[in-house]
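Data block below; observations after.
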Amino acid sequence: MKLTLYDTAAREKRLFVPIDPRNVRLYVCGPTVYDFAHIGNARPVIVFDVLFRLLRHLYGEAHVTYVRNITDVDDKINARAAERGISIRQLTEETARIYQEDARALGCLDPTHQPRVTDHMGEIIAMIDRLIALGAAYVAEGHVLFSIEAKADYGKLARRSLDEMIAGARVDVAPYKKNPMDFVLWKPSTKELPGWESPWGRGRPGWHIECSAMSEKLLGDTFDIHGGGIDLVFPHHENEIAQSECAHRGRPLANYWMHNGFLQVEGEKMSKSLGNFFTIRDVLKDWPGEVVRLNMLRSHYRQPIDWTLKGLQESDRALATWAGDADIAGSGSQLAPTIAEALSDDLNTPAMIAGLHALHGEGDHARLASSLRALGFEKGDTLSRRRAQAIDAAVVETLLAARAAARKAKDFKEADRIRAELDALGVEIKDGPAGTTWDVKI
RNA sequence: GGCCACGUGGCGGAGUGGUUACGCAACGGUCUGCAAAACCGUGUACCCCGGUUCAAUUCCGGGCGUGGCCUCCA
């Protein structure tokens, strides 16, 4: 089966050809662990988990390496820890743990590696050192800066020229920069801030260098796919490319660049001031992770997605319908050919969902269940099912018996009254030739 | 201001140079004491204006609208 992926660098779908089919390598930018991840952060987690699963399906489980970093050095982390009066370590540990729990609750597999910046300071310093030696970076006032003039094609990913970037700059430029677009690789730390000894004094890394250093260590100079949110195209990914390609004498960092679109809430931009800001945790309080996962996949990953209550309800209903007929909790997980085919077209998850509906419509429950499991829906946990579990079967049976008696006596008024009572309990009854059965309303 | 996406039926949301997406809702039918569920059936949508073409929702240009990026935000 041919896999095509939309490559941001090329601005078109391209046939995916791995560097080494026995080790397909994927790197996705993970969280900066200073606070709960919001629902928008859940999108890349879920989308790239689907990609990870698809790659495993196509190349074999043992032949895909997925790296998602945890950034645990950052000024926001320092500020938040001070604000809360806890140690930086405590904050990053707690936030990282919650992030991983949330990811699992959303049906995501653990990545092969989840490297932390603090565990890779040696690699980071070594890479900066190499960049200085190559003339691509310079020391100024205790900082080490990357010199974008060392990279003739700087701006190629974002398709932006230096002139227009400088013209559009909104921020005051540090006086010690040779070029306004030069960015920080290393900066000095005060005594209170986390810092590491380096050839340039005690300090800490800039934002972009960690991904370059960790991907190099875990995936090599060039790997297959680099992913993240679309907002990371510039400057984060552009700068990663600049650093890594300079350090690697021009060899490309990644062969394919994938970026997920943004999320809005009920048609509006999510923001704290609008009061529509939700963390993943918030959403998981009200909705099963699998429902959140399915809802996230209803839109194609590159499209903007509008996060709505109605959408969640529809997703819950769809999953409940499938799980009601297919034994999700069974064993075996294998993508049905139609599902794999949909996903192989640049992760066309809406087509995947249509394929799942088709399997359901055809009554191919075994294949449906197997595909669902392979996609990370392993329990069929829905709000509908939770409600069902909360219903007292004995009460329902008693009411059903009373209704049956009323019907036998042709007292349809009473029968209908009982039916309304059951309906209020969330029970849906089905009068069949063999008697009355019941189910939970979905 | 610069750059980049997107604009599909009541709603969500794929896709395509000429042929049914799919789901939800709605409507009709079968069934039923009446319903519900289930099953069967029904929708002739593609922001506006030009252009290319035998043919455009699909390609090109312009406009309008929405969103994103423009130094640390997925």
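Order of the sequence lines fixes the chain letters, A, B, ..., with proteins taken first and strands second; residue numbering starts at 1 for each chain. Because only heavy atoms are used, hydrogens play no part in the values below, and waters and symmetry mates are left out as well, while side chains stay in.
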If we take the [atom1] atom in both [N] and [M], what is their distance in whole Å?
N	M	atom1	result
B:rG9	B:rA45	P	10 Å
B:rA25	B:rA37	P	9 Å
B:rC60	B:rA74	P	33 Å
B:rU19	B:rA36	C1'	38 Å
B:rC70	B:rG15	C1'	33 Å
B:rC27	B:rC64	P	41 Å
B:rC6	B:rC39	P	37 Å
B:rU57	B:rG17	C1'	10 Å

Please classify the nucleic acid contact of [X] as base, sugar-phosphate, or nothing, using heavy-atom distances under 4.0 Å.
X	result
A:Arg403	base
A:Lys413	nothing
A:Lys269	sugar-phosphate
A:Gly261	base
A:Ile353	nothing
A:Asp416	base

Side chain of [X] only, please: which of [options] is the nearest?
X	options	answer
A:Glu428	B:rA37, B:rA74, B:rG23	B:rA37
A:Pro235	B:rA74, B:rC70, B:rA25	B:rC70
A:Arg11	B:rC4, B:rG67, B:rC72	B:rC4
A:Ile429	B:rA74, B:rA25, B:rA35	B:rA35

Sub-4.5 Å side-chain heavy-atom contact between A:Leu399 and A:Trp438: no

Atom [atom1] of [X] and atom [atom2] of [N]: how far apart are they, to the nearest Å?
X	N	atom1	atom2	answer
A:Phe262	B:rC6	CZ	P	16 Å
A:Ile230	B:rC4	CD1	C1'	8 Å
A:Glu12	B:rC4	CD	C1'	16 Å
A:Leu343	B:rC22	CG	P	19 Å
A:Ile70	B:rA74	CD1	P	14 Å
A:Leu263	B:rC69	CG	P	13 Å
A:His237	B:rC69	NE2	C1'	13 Å
A:Asp35	B:rA74	CG	P	11 Å

Using both distances under 3.5 Å as the test, list the Watson-Crick or G-U wobble partner of [N], or none.
N	answer
B:rA56	none
B:rC6	B:rG65
B:rU19	none
B:rC27	B:rG41
B:rG1	B:rC70

Close approaches to RNA chain B from residues 364-377 of chain A, in residue order (heavy atom, under 4.0 Å): none

Is it the case that the side chain of [X] and the backbone of [Y] share a donor-acceptor pair, with hydrogens and angles ignored and the cut-off at 3.5 Å?
X	Y	result
A:Ser370	A:Ala366	no
A:Thr382	A:Leu319	no
A:Asp411	A:Glu414	yes
A:Glu266	A:Leu309	yes
A:Arg11	A:Thr8	yes

Test ring pair (Phe, Tyr, Trp, His ring centres under 6.0 Å) applied to A:His38 and A:Trp307, A:Phe277, A:Phe278, A:Phe262, the passing residue: A:Phe277

Nearest-nucleotide comparison on RNA chain B, the residue closer to the 5′ end among A:His360 and A:Lys410: A:Lys410

Upstream residue (5' side of RNA chain B) when A:Phe412 and A:Ala354 are each assigned their closest nucleotide: A:Ala354

Between [X] and [Y], a side-chain donor and acceptor under 3.5 Å:
X	Y	result
A:Glu192	A:Thr190	yes
A:Tyr154	A:Asn239	yes
A:Asp182	A:Tyr138	yes
A:Thr4	A:Asp346	no
A:Tyr27	A:Asn69	yes
A:Asp316	A:Ser384	yes

Ignoring hydrogens and geometry beyond distance, is the side chain of [X] in donor-acceptor contact with the base of [N] at under 3.5 Å?
X	N	result
A:Asp431	B:rA35	yes
A:Asp231	B:rC70	no
A:Arg43	B:rA74	no

Distance below 4.0 Å between A:Lys430 side-chain N/O and B:rA38 OP1 or OP2: no

Are there any protein N/O atoms within less than 3.5 Å of an N/O atom in nucleotides 11-15 of chain B, and if so, which ones and at what distance?
| unit_1 | atom_1 | unit_2 | atom_2 | d |
| --- | --- | --- | --- | --- |
| B:rC11 | O2' | A:Lys310 | NZ | 3.2 |
| B:rG12 | O2' | A:Arg298 | NH1 | 3.3 |
| B:rG12 | O2' | A:Arg298 | NH2 | 3.4 |
| B:rA14 | OP1 | A:His300 | N | 2.6 |
| B:rA14 | O3' | A:Asn348 | ND2 | 3.3 |
| B:rA14 | O2' | A:Asn348 | ND2 | 3.2 |

Minimal non-hydrogen separation, A:Met296 against A:Ile39, with atom names: CE-O, 3.6 Å

Step-by-step salt bridge (Lys or Arg N to Asp or Glu O under 4.0 Å) determination, A:Asp49 to A:Arg68: CA-CA 10 Å; A:Asp49 176 71; A:Arg68 187 179 64 209; over 6 Å; no

Identify the pairs formed between an N or O of the protein and an N or O of nucleotides 56-62 of chain B at a distance under 3.5 Å, and give each distance.
none

